[in-house]
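Notes for the one structure printed next.
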Amino acid sequence: MPEELLARVKELRHLLHKWNHEYHVLDQPSVSDAEYDKALNELVRLEEENPSLQSEDSPSQRVGGAPLSVFEKVEHTTPMLSLGNAFNEEDLRDFDRRVRQGVGNEVSYVAELKIDGLAVSLRYEDGLFIQGATRGDGSVGEDITQNLKTIRSIPLRLSKPVSIEVRGEAFMPKKSFISLNEQKEELGEEPFANPRNAAAGSLRQLDPKLAAKRNLDIYVYGIGNPATTGVNSHSGGLDLLDELGFKTNNERKKCSNIDEVIEFTSSWVEKRPALPYEIDGIVIKVDSFEQQDELGFTAKSPRWAIAYKFPAEEVVTRLVDIELNVGRTGVITPTAILEPVRVAGTVVKRASLHNEDLIREKDIKLGDYVIVKKAGDIIPEVVHVLLEKRTGEEKDFLMPTHCPECNSELVRLDEEVALRCINPECPAQIREGLIHFVSRNAMNIDGLGERVIAQLFQEKLISNVADLYRLQKDQLVAMERMGEKSATNLIEAITTSKKNSLEKLLFGLGIRHVGAKAAKTLAQHFETMEKLQSATIDDLVAINEIGEKMAEAVVTYFHKPEVVHLIDELKALGVNTDYTGPKLVNVEDIDSFFAGKTIVLTGKLEILTRNEAKEKIELLGGKVAGSVSKNTDLLIAGEAAGSKLDQAKKHGVEVWNEERLVLELNK
DNA sequence: TTACCTCGAGTTCA
DNA sequence: CTCGAGGTAA
């Protein structure tokens, strides 16, 4: 290989990297577009002619590589959580109060624009972009590396060889959206509904060459593994991201109190339309990482951040009808059928009305003009009726007295708002139950959607969940819109689902009060269906997280003769009924001082954060409680311990200092 | 709840 | 080529 060639390729890459950064990140181009394109074309040509020169971080990657056949799943190293929402000033002040209660009054916040796009994660190793993924459910997303590489403001190589995972929001600028839709219309194609959908659609293309044409952009706003970077605050993290060559959003402000935050949010309500991209709110984060750690997380979101959402767009339309649906549990849900109307970027035709009380409370009549908005900008909601638009032609809506599907009498169980069909043979309930059984969190049978289930049920090919495992391929092929290929895939998916761990089956069965979480707890504790079937109420209540209601529901369920029969059938058909997930370690089996003990932390800890301490204790089988009682085994008293220390003395509880705790933890 | 992409089925036309 | 289903995102 001629040396000049190698040198030229290197030079081109260097120049293109530099120009790219100037243009897309700094917004200060030093060369014309034509010059850039010329260099890029030369590089692409040289690499094509000399395949040995190709490289993952070459700017030539921006034009899009070979099409993919599927998106691979990727597990995020640290989960991508969603944020809690604030809809008004009061919510923000509540948030501030909670934060200061946790970490004291010395708090600064960083307020940033919340870009309306798609959350993505970007992984770099030794400064090289190696993988990009969607958020997915927070822990597992899809690998969209090839498409993300076509976004010019994503650096393929960082200014320093660090290994880092960053998070950002990919979006389509308003301008690109408008011109893309103009192009589409010229070609006679359907335009995209809004920039966010356009961006999402672009990133879901299997062919990255198409994504490359879509002019997407990104703002990077966070680091997944900040502990490894040496920075100690969110604002420091953003500065680091700038330094590494990422594009961050400059419209951010460090605020020393909540009033400044509120002023920032309200100033953007007016400035929002003038931005070249869409935003749907403001994100507020506690700046200090130490304080973030101290605040920790709730089950679904960090306690140190919140998303302020701009007031939702409200639109007037007419409610033409109310439809009734029977759910899996027999609950009757009324749904408003609306005259189609555009709200917040999409056309809304229906909105759930939840129950009869809500209809009465809002005094909704058929034919009323109503205000509609999208709560959290996603779920449509009828806000209220426009009484002044009443003509007298409106009709009262009456809840039915009988099930719309099986015509049996509906009942309202005491203290419940819902009206229910309690006929266990109600076809609607059976059908919905089957749909639930195959759904993702339950048995997860791919290719079996609502429609196919409804069709199978209609044609009496299945009448309970065991029948699914009796289906034959030729029965499927005989159905409408079901060919050889689909049928094979479906049978395969059904067979695969037999191997599922017990909790999936338990959740799928749809026992009252047993959701995905409880199903897992039960499966972990009992490990086999037989043991669970013979459990008594006392056995169940003894388990943490299982209350009386749930215990009763479980016992009642397994005592029904038809359930016993169903489970026998499933077993005979080869469905696994054992727990096959990671083994739950029995607390008594842990060889640790903390096993089975209840520990309370108080005062200011110096070595560990409160959360770290809690996690470590729980890992060793201990339980961390909030206040001291006679059941407390041990109190860890940090600096300036207060009333809890007195309480402990009163109850004769053993007291340790933090050092002693750390020693024991590290044993 | 709606929009978007992808896939397979079924139809139409060369 | 069109249609409808499934899966994913917000």
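Just so we're on the same page: letters track the sequence lines, and every chain starts at 1.
When the P atom of B:dC4 is taken as reference, atom CG of A:Leu210 falls 16 Å away, rounded to whole Å. Between the CG atom of A:Leu206 and the C1' atom of B:dG8 there is a distance of 15 Å, rounded to whole Å. Summarising the geometry, the separation between NZ on A:Lys485 and P on B:dT6 is reported as 17 Å, rounded to the nearest angstrom. Distance A:Ile378 CD1 to B:dA3 P: 13 Å, rounded to the nearest Å. In this entry the distance linking CG of A:Asn444 with P of C:dG7 reads 8 Å, nearest Å. Whole-Å rounding puts the A:Arg440 CZ to C:dA5 P distance at 19 Å. Across the protein-nucleic acid pair, A:Asn147 atom CG and C:dT8 atom P stand 16 Å apart, rounded to whole Å.
For A:Lys73 and C:dT8, the shortest distance from a side-chain N or O to OP1 or OP2 is below 4.0 Å. In this model, the phosphate group of B:dA9 is approached by a side-chain N or O of A:Ser486 to a distance below 4.0 Å at OP1 or OP2. At the phosphate of C:dG7, neither OP1 nor OP2 sits under 4.0 Å from any side-chain N or O atom of A:Arg204. Between A:Gln455 and C:dA5, a side-chain N or O to OP1/OP2 separation shorter than 4.0 Å is absent. Proximity of A:Arg451 to the phosphate of C:dA5: a side-chain N or O atom is located under 4.0 Å from OP1 or OP2.
Contact check on A:Glu450 versus A:Arg431 returns no salt bridge, with no Lys/Arg side-chain nitrogen under 4.0 Å from an Asp/Glu carboxylate oxygen. A salt bridge links A:Glu142 to A:Arg204: at least one charged side-chain nitrogen sits closer than 4.0 Å to a carboxylate oxygen. Note on A:Lys473 versus A:Glu484: salt bridge recorded, some NZ/NE/NH1/NH2 to OD/OE distance being below 4.0 Å.
Within the nucleic acid shown, A:Arg350 comes within 4.0 Å of sugar-phosphate atoms alone, with no base atom in reach, counting heavy atoms only. Here A:Lys374 lies out of heavy-atom contact (under 4.0 Å) with every strand. Across all strands, A:Glu484 comes closer than 4.0 Å only to sugar-phosphate atoms, never to a base (heavy-atom distances).
For A:Tyr219 and A:Phe246, the ring centers sit 6.0 Å or farther from each other.
Of the listed nucleotides (C:dG7, B:dC5, B:dT2), B:dC5 has the atom at the smallest distance from the side chain of A:Gln205. Closest contact between the side chain of A:Val452 and the listed nucleotides C:dG6, B:dA3, C:dC3 involves C:dG6. Counting only heavy atoms from C-beta on, A:Asn197 has its side chain closest to B:dA3 among B:dT1, B:dA9, B:dA3.
Residue whose closest nucleotide on DNA chain B sits further toward the 5' end, between A:Asn194 and A:Thr335: A:Thr335.
Cation-pi check for A:Lys174 over A:Tyr277 is not met; the charged atom does not lie both under 6.0 angstrom from the ring centroid and within 45 degrees of its normal.
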